[in-house]
Amino acid sequence: MTETTKTPDTPGTPSADAVIAPDRQGLIPLPAAAARALTLVGGIATVASTFLAWTWTADFPGDLTVYGYPGGLQWLTLVGGALVALFALAGYGVRGLGWLAPAGPTGPAVLTALGALGVTWYTVIAIAVELGGLVNLEPGGYVAAVASLTTVIGAFGLPAGADETRRAKEAFTAYLKAHGRSRLRLAIAGVKFLNAYIGKPDHIAAPQTVPGWLQRLAVTAVTMAGLGIFSYGIDIPSEEGETFIGYLVVIVFAVWALHTAGLLDRFSRLVAAHRGFALAMGFVAAILFPFTQTDDHYANIGVNILIFGTVALGLNIVVGLAGLLDLGYVAFLGVGAYTAALVSGSEFSKFSGVQFPFWAAALTGAAASLVFGVLIGAPTLRLRGDYLAIVTLGFGEIFRIAVNNMDGVSGPDITNGPNGIPSIPDLSFFGFNFGTAHDLGGFTIGRFANYYLLMVLIMAIVVLVYTRAADSRIGRSWIAIREDETAATAMGINGFRVKLIAFALGATLAGLAGTVSAHVTYSVVPNPYQFAGAAPPNSAFLLAAVVLGGMGTVAGPLLGAALLYLLPEKLVFLQDKSLLAFGVALILLMRFRPEGIIANRRRQLEFHETGQLDVPQQTTLTDEPAVTKAGA
Amino acid sequence: MTTPVLEARDVTMRFGGLTAVRSVDFTVNSGEIVGLIGPNGAGKTTFFNCLTGLYVPTEGTVSYQGKVLPPKPHLVTKAGVARTFQNIRLFANMTVLENVLVGRHTRTKEGLWSALLRGPGFKKAERASEERAMELLEFIGLAHKRDHLARNLPYGEQRKLEIARALASEPGLLLLDEPTAGMNPQETRATEELVFAIRDQGIAVLVIEHDMRFIFNLCDRVAVLVQGEKLVEGTSEVVQADERVVAAYLGEPFEGEPADDTGTAATAEETDTADETDAAPAPPETPAAGEDTGPDTAEPDGTGPQSTASTKGDTP
Amino acid sequence: MNTLPQQLANGLLLGSMYGLIAIGYTMVYGIVQLINFAHGEIFMTGAFGALTVYFYILPGGTSMWAAVPLMLVGGGIVAILVAVGAERFAYRPLRQAPRLAPLITAIGLSLALQEVVRNFYPGADKARAFPSLDTTHDLGSVTIKDADIFLIVAAAVCMSALAWFVRKSRTGRAMQATAQDPDTAQLMGIDTNRIIVVAFAIGGFFAAVAAVSYGLKYGNIDYRMGFLMGLKAFTAAVLGGIGNIYGAMLGGLVLGIAETMAATYINNIPGMQQLGGQSWANVWAFCLLILVLLLRPQGLLGERVADRA
Amino acid sequence: MRQRSLVILTSVLTTGALTLTACGSRDNGKSGDSGSGNTLTIGVDAPLSGENSTTGLGIQYGVQIAVDDANKNNWVPGVKFKVNALDDKAQPATGQSNATSLVGDDKTIGAVGPLNSGVAQSMQQVFTSANMVEISPSNTNPELTQGKNWQTSKKRPFKTYFRTATTDALQGGFAATYAYNGLKKKKAFVVDDKQTYGAGLAKIFNASFSKLGGKIAGTDHVNTGDKDFSSLVTRIKKSGADILYYGGQYDESSLITKQLKDAGVKIPLFGGDGMFASTYIETAGKASEGDLATSVGVPADTLPAAKQFIQTYKSKGYKGDYAAYGAYAYDAATAIIKAVKAAVDANGGKLPSDIKNGLRAKVVDGVQKANFEGITGKVSFDQYGDTQNKQLTVYQVENGKWKAVKTGTFNG
C-alpha cells in the first residue's frame, strides 16, 4: 500500500488546496460541486439506509429486519457511509475537518466510498443468494445499494489531480497491454488504476504543532478506537462469517483511505514522538480487552492469539533480525510446555510429586528451551543458511516423534507418549486461583481472562526483550549478519557467537510462552508441535505469521498471528474449504505484498523520511520490483 | 617512524595445484601509506584475504604489531586491522549511523544482558559509541545523513561510509581494497585527501588499486605483485622506473578492466570461505537478480542494489 | 533366516523413490536457490493424474503393460503442468522478493494443492485404490515384486537419461551454466526463464515417475502422500549435496537404506532397545543428516553452487 | 471505452437481478417456524478440515441425522434442535476454544465430540466447570473416564464427560480372546501407530493375548503418515507370527496388510474399530481378504434403525465416513436429546427457562440415566460415564465385504 505510488520524479503535491484546484477533474466528468454534493448525499443516504430493514427474515445473520436501528452488516455499512460523508465534508472545507485529510480528501473519499459500496453490495447480494432471490430484499436494501453506488459515482467525480488521472489510465492500459486480458488481469489492472488514481503525494504538509497533551490524547483515542474495532471483530460470532467478511472489507478500505488521507503517516509520527507512551497505551488496551468481553470464549481466543503471537515474536528475533531460517521453531514451544507440565504437579507427570511454583516452572521451561536451543544451534549455526533450515526442520520432527515415543513402551518413560500429560492444575499466585472467575470492580474475569492477563505480562516481557535487544550493540550485529555476513565478520563480529545468542534467545522466549500454554490447555500432547498443520501453532504457521505481518517489526508478527488465528476461526462457513482458502490467501499475499503487512521501520525510513531525490535510480529499482508490482 | 605495524613473512597461498601467492614478504610501517598494485590475476586480493584472516596462508605468517594474527576475520579486526571491500559491502538496510555503530563492535562489549537491563553503563557506552560514530561521520562529511539508509546513498558516499565504518573499529592499520573504483576524478581526489587525513591520525594504510596515478600520488611506498610474487617494492619513482613493471602491465589488457584476479577466481571453488572481493563482479548490464551475497544465504533482503551500484561504477 | 539382503533391498527401493523426487528439489535449488516445498504435492498430483488415466480414460480391463506407460504420460503431464504453473504464477513474480516470501508461497501452495485434490477429486478425501503390480519373485532370500522392478528400472533409466541430457544436450549444458552463474549465462544468450521452466518440468516429470511407482507398489494413494515423501526427498537432496543431481539420487539411496537399517537393527544395540523400530526411523534419518552436514557441510557430493559471487 | 464498460456493467447487473428475481421466492420453508425461540443447540467438536476430517465429518453428520430425526418426529414437543459443528483441526487448543464457545452460548445444551483423546483432555474441564454434558463418540483412552490408575482404582475425574465408544480395554481383550480361542492363533506380532487409540488397543491386546497363553512374536510402532512398511514386514516375516494385531486407523493398516501379503506373508491382520470401514477393503484390495476387525455393538444389518441411518447418510450425500464413528455420534446426540426430553417432562412439559444454570445440569443427569436402544445397541452409561454397551462383534473380510463372524459381550 505504501510503496507503489513512489516514483522519484513525482512532483510533490504539498497541500490540500492544490488538489482541489478548479482545473482538475475527476474520472467521471461531473462539475466539482455536483460531485461533492453527490458524494455527501450518497454517504448520508447510505447511513440512513442502515436504519431501514434490508430483508424480511432473521435467517440472514445479524438480523437486518429491524426498522429504527442497524444490525450486523448494517453497522459496517453505516461506518462506511459515515466515513465517506466525513471525507466529503472535509472536501467542502468545513472548519475543523481539515485535519482529516492532510493529503487531500479525494483519494480517501473514493476509497471509503468503494468500501461502503463493497460491504453494502456484498450484503445485498449475500441476502439474495443465501435466501434465494432478490425478493428477499426489503426496500431498505435497495436504498442502501443505490445510495452506496451514488456515493462511488460522486467520489469518482471529485476533482483529482490531472496527473493522477492520466497516470492511472496509463497504468491500467499499460498493464493490460503487457499482459493480455483475462478476468484476473483486469482485476489487477483495476487495482493498479486505483492505486495510481488515489495516489498519496510523497510529501504531506507538516501538521500544525499541537500541545503535547493533545498529541497524547490523540494516541490514546486511536488506541482505544483500535481496541474497540478489534473487540468488535473478535466478537462477531463464528456463524456470522458474512459479517466478518464485511468487517474485513470495511477495515481494508478504511485503512487504505486513512493512508491516502495521510493520517497514518501523521499517526506514525505521533507514535514515534511518544514511543514509550504509545507502547504503554498499547498494553493498556490489551489489558482492557477482557473487560470489554462478557464471554470467556473471547478471552480464550485472546490468550491463544497472545501465545501464538508471543512465540511468533520470538521467532522474529531469529528470522527477522538475525536472518536465520528456522523451520522447527515450534519445538521450543513444546519443550517449554512439556517442561512446565512435568513440574506442574499433574498426576500424569513422570515427576508427579513435584510441583514448582509458576515463576520457577516458567524459568525452568525457558531454561530447558535455552539448553535445547544451544544444543541445536551450536553444531548447526556454522552451516550455511539453507542447511540450517533443514536441520531445524529435522529437529522439529525429532522432537515430536521423540516425545510421542517416550512413554516407557517404545522409548524412555518421560513424556507419557501420545496420551501426553493431562490434568495440569491451574496456576495459583498468592491465593489467586487462575482457574476460577473473579470479580474485579463489577467485571467478571473468567479463567481464560486470568490467563490472558498473565499472557499480556509475558508478552510485555517479550516485547521489551525484543525492542531492547534489537536496539543495541547485539541487535545491530544481528542485522549486520543478516545483511552481509562477510562484511559483518570483517567488522569484528563473531558471526557464530552472535547467531547462537539470537537462536538461544528465540528458543528461550518460545519456551517461556510454552509454560503458560501448558496450563491454559490443561494438557500437553505431541500433536500440535509439528512442521505444518491445519491450525496454529506449528512451525509453518509461525513463520507465516512473521512474514505476513512484517519481518523485523514488533507489531507485524502480533498482527500476523492475530490474523492467522482469527481468519480460520471466523470463516467457518467455508467449512472444509477453509484450508484451501488459507493456502490461496498465503500465495496471493506473498504475490502482492511480500514484505508483509507492516513494513519494517527501515523501509519506512526509506519511503517516508529520506525523500532524497538524488537517490541513484537503480538502487530503488533493483531491489523493489516486487514491491512496485504490489497492489493492495 | 619505522616500527612495523604489519609484517607478512614468506606468505604462500595454494589452492590445490595452483599457487596464487608465492612466498611474499611484506611490511607496513606505522604512519605509512603503502600501495599494492599488480595486473589482473596477480594475486593481490588473495594476498589481501590472507592478511584479513579470510584465508589461512598455506605457509608463512602474518603478524600485527609483533603478534601473529589469528586466522579469523573478526579476530583480525579486533586486533586492529580494519578493511573495506572492493565492491562496497555496506549493511544496505541499516542507517548510515547504524553502519558506523556496527563498526564499533569490537571496541564495545555490552552484551545481551546489559542491553536488556539497560543499566547506566549501557547507556553511557551507547552514548559514547554514538558520539564517536558522529565524529567519524563529521570527518567524512556525512553527519547530515545519519538517518538515511545506506542503500540510498550515492556511490561516492557509500565508499566514504565504508571507510568510516572501518575506522570505527579504531584500527592501527586500514586496508583499502580499490577505494576509487568507479569514481570520477574529483571523487578520487577527495578520497586521496581522506586517506591523507586518516594517515595524519596515525593510522597506517595499505591500498590495493588499479589507478596508477592515484597510487603514485598517495603512497609512500608501493609493492608490485605479479603472478603471485612480489616483483619490486619501493618508492613511487623506483617502481615507476622499473622496466619489469611496465612489461608486466603491458602484457595485460587495459588497466581499467573491471575484473581482476581471474586467476584466483578460477580457484574460488576450492576455497571454503566465500569471498567476493576475488571473483569477477557481474557485468553492469546484469540486474541484481543473482547477486547473492555469499554464505549468508538466509538473509531476507538481498543486498542487490549496492552490488549493482558498484558494478555500475566499475565501468567509467 | 538372514533378513539383511531383504532389508537392503527394501531400503534401496524406498531410496530410489526418494531420489527420484529429490531430483526436483535439487535441480530447482541449483538454479534459483529456491526450496520448492510444494514439490511433494507435485508428486501427489502426478499420482492422481496417473490414476485419472487409469480409471477415467482407459477402458476397463486394459492390460497393465499398456496402461503403465499411458499412466506415466498422464501423471507426467499433470505433474509438469502443476510444476510449471507453480513456477510461472507463484514463484516467478517473487524472484526479487525477500528470501522468505517464496517459502511462504510454497507452504501456501502445498496446502492449496492438497486441498484442491481432497475437495474436488472424486473420492480423494480418503485413500484411493491404485492399480498395483503384485506378482512376486524370489531371488534367493529376497522377495521383490513387479512394481519394485519397475521402480528400479525407471529410476535407472531416468537417471541415465538425465545425465545424458545435462551433459550432451544444448539445454542441459545451458542448465549447468545457469546453475554455475546465472548472470554470465544470461549474458551468453541463455534464456534463464526457459531454463528454470525446464528444471521445474524435469523435476515434475521425475516426481510423476516416482508417483506412478509409488502407486504400483503400495496400491493406494491419498492427498497427503506428498508431505512426508517430499520432506524425506528434500532431506535426501540436502544429504547428497543440494544442487547435484547425482547427489540427490545417492542421498535418496543412503537415506532409504539408513531408515530401514535403523528400523531393523538399532534395537539390537545394547542400551538402545527402546530406540529402534519403525517409529524412530525418521529420527535416525534426521540424525544421519545432521551428522553428515557436520562432517561434510556441502553434502555427500556437494558442489558449492550457492557460494558464487 | 468508459461508456462501453458502463453499458456492460449495467447489462450484467440487470441480467443478474432478473435472474435472481425470477428464481427467488420468499418461503422455501427452510426454517420459517423457528421463531418461537425454543431451539436448542447441540454442539459438535471434531476435525472437520484437514487430516482427520473424513472421520470428523462422519461425527458431524451422525449428529445432524439424529437432530433431523428428533425434529421430524417431534421427540421433544415444542423444542427444536440444531447443530453447531465446530472444527478443532485435531488441535487441543482449538478444541478448547470451541468448548468455551459452546459453553458461552445460551442455547447450547450439550456437545458431541471430540474425535481425539488428546483434544478431549483440554476440553473436559471446560465442560465440567460449565456443567455441560460432553459425549465423545470415539475417545477410547480409559484414563479419560476412569482416572490415571484405572487398572487399580478407578476414579471418575470429570462428571459431565461420557462416551458411547468403548474403551481400549474391551476391544483389545475381546480381540485377543477371539484370536487365541476362536482363530487358534498362537504367535502374534503387535504393531500400533503410537496414537492414544492405537497404542492403548495394542497394549491391551498384548497383555490379554499373553495372559491367555499366546506368544508375542514381536512388537513395533509406526508413525501415522508412514507409507513404506517394508522393513517392518520383513521383520514380521522373520518372526514367524501367525497373526498381526494392529492398533490404529485404516490409513496405515490397509498399507501394511497389502505390503505384508505382497511379501508372501499370508497371515491375517486384526484391528479395532478404527479400521472397520469399507475404505479399508477398497484401498487394500485383495490383500484385505481374511483380515479382521472388532467393532462395538451388534452388526448393523441386524438393527433396522442402523440400516436406516446408513441409508439416510448415503441419500443425503453427506461427506465423510460414517462407518467409524457416525453411529456412535448419532447415539450420543440422541442421548442428549432424550435427556432434554426427560427434563422437559419433569418440568411439566415446558422447557426450563434458565438453560445455562438449570437445564444443563438436568441434561447431565438425564444422560447419566440414559437407557434406550440406539443404533449401536443399548445406550446407557456406568458410574464413570463409559458406555455399558459391552456388545462387541468381530468382522472379517470375505469376498470384499465385512462380514460378522462373532458377536458377544466382553467383561474383561
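Convention: sequence-line order gives letters A, B, ...; per-chain numbering from 1. Just so it is clear, the model here is predicted, and its values are computed rather than measured. Excluded from the calculations below are hydrogen atoms, water molecules and symmetry mates; all remaining heavy atoms, backbone and side chain alike, are included.
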Toward chain D, the part of A/Val520 with a non-hydrogen atom under 4.5 Å:
both
By a 4.5 Å heavy-atom criterion (distance strictly below it), what part of A/Ile307 contacts chain D: side chain, backbone, both, or neither?
neither
Between chain A and each of D/Gln91, D/Glu143, D/Lys203, D/Lys148, count heavy-atom pairs under 4.5 Å; write down the option with the most.
D/Lys148
Part of D/Ser97 lying under 4.5 Å from any heavy atom of chain A
both
Less than 4.5 Å to any heavy atom of chain D: does that hold for the side chain of A/Asn419, its backbone, both, or neither?
both
Could you have a look at D/Ser122, D/Pro92, D/Ala99 and say which one has the most heavy-atom pairs with chain A under 4.5 angstrom?
D/Ser122
In Å, rounded to the nearest 0.5 Å, how long is the span from CD of D/Gln146 to NZ of D/Lys155?
12.5 Å
If I measure from the heavy atoms of chain A, does D/Ser101 come under 4.5 Å with its side chain, its backbone, both, or neither?
both
List, one per line, each side-chain donor-acceptor pair under 3.5 Å for residues 530-542 of chain A, sequence neighbours excluded.
{"unit_1": "A/Asn538", "atom_1": "OD1", "unit_2": "A/Ala540", "atom_2": "N", "d": "3.3"}
{"unit_1": "A/Asn538", "atom_1": "OD1", "unit_2": "A/Phe541", "atom_2": "N", "d": "2.9"}
{"unit_1": "A/Asn538", "atom_1": "ND2", "unit_2": "A/Gly533", "atom_2": "O", "d": "3.4"}
{"unit_1": "A/Asn538", "atom_1": "ND2", "unit_2": "A/Ala535", "atom_2": "O", "d": "2.9"}
{"unit_1": "A/Ser539", "atom_1": "OG", "unit_2": "A/Leu327", "atom_2": "O", "d": "3.3"}
{"unit_1": "A/Ser539", "atom_1": "OG", "unit_2": "A/Tyr329", "atom_2": "N", "d": "3.4"}
{"unit_1": "A/Ser539", "atom_1": "OG", "unit_2": "A/Val330", "atom_2": "N", "d": "3.3"}

Which region of A/Tyr298, side chain (C-beta onward) or backbone (N, CA, C, O), has a non-hydrogen atom less than 4.5 Å from a non-hydrogen atom of chain D, or is it both or neither?
neither
If I measure from the heavy atoms of chain D, does A/Asn404 come under 4.5 Å with its side chain, its backbone, both, or neither?
both
Can you see whether D/Asn141 engages D/Ser117 through a side-chain donor-acceptor pair at a distance of less than 3.5 angstrom?
no
Taking atom types as modelled, is there a side-chain donor on D/Arg163 or D/Thr145 under 3.5 Å from an acceptor on the other?
yes
So, A/Asp407 and D/Lys194, do they make that salt bridge, N to O below 4.0 Å?
yes
Given side chains that start at C-beta, do those of D/Tyr246 and D/Asp193 come closer than 4.5 Å, heavy atoms only?
yes
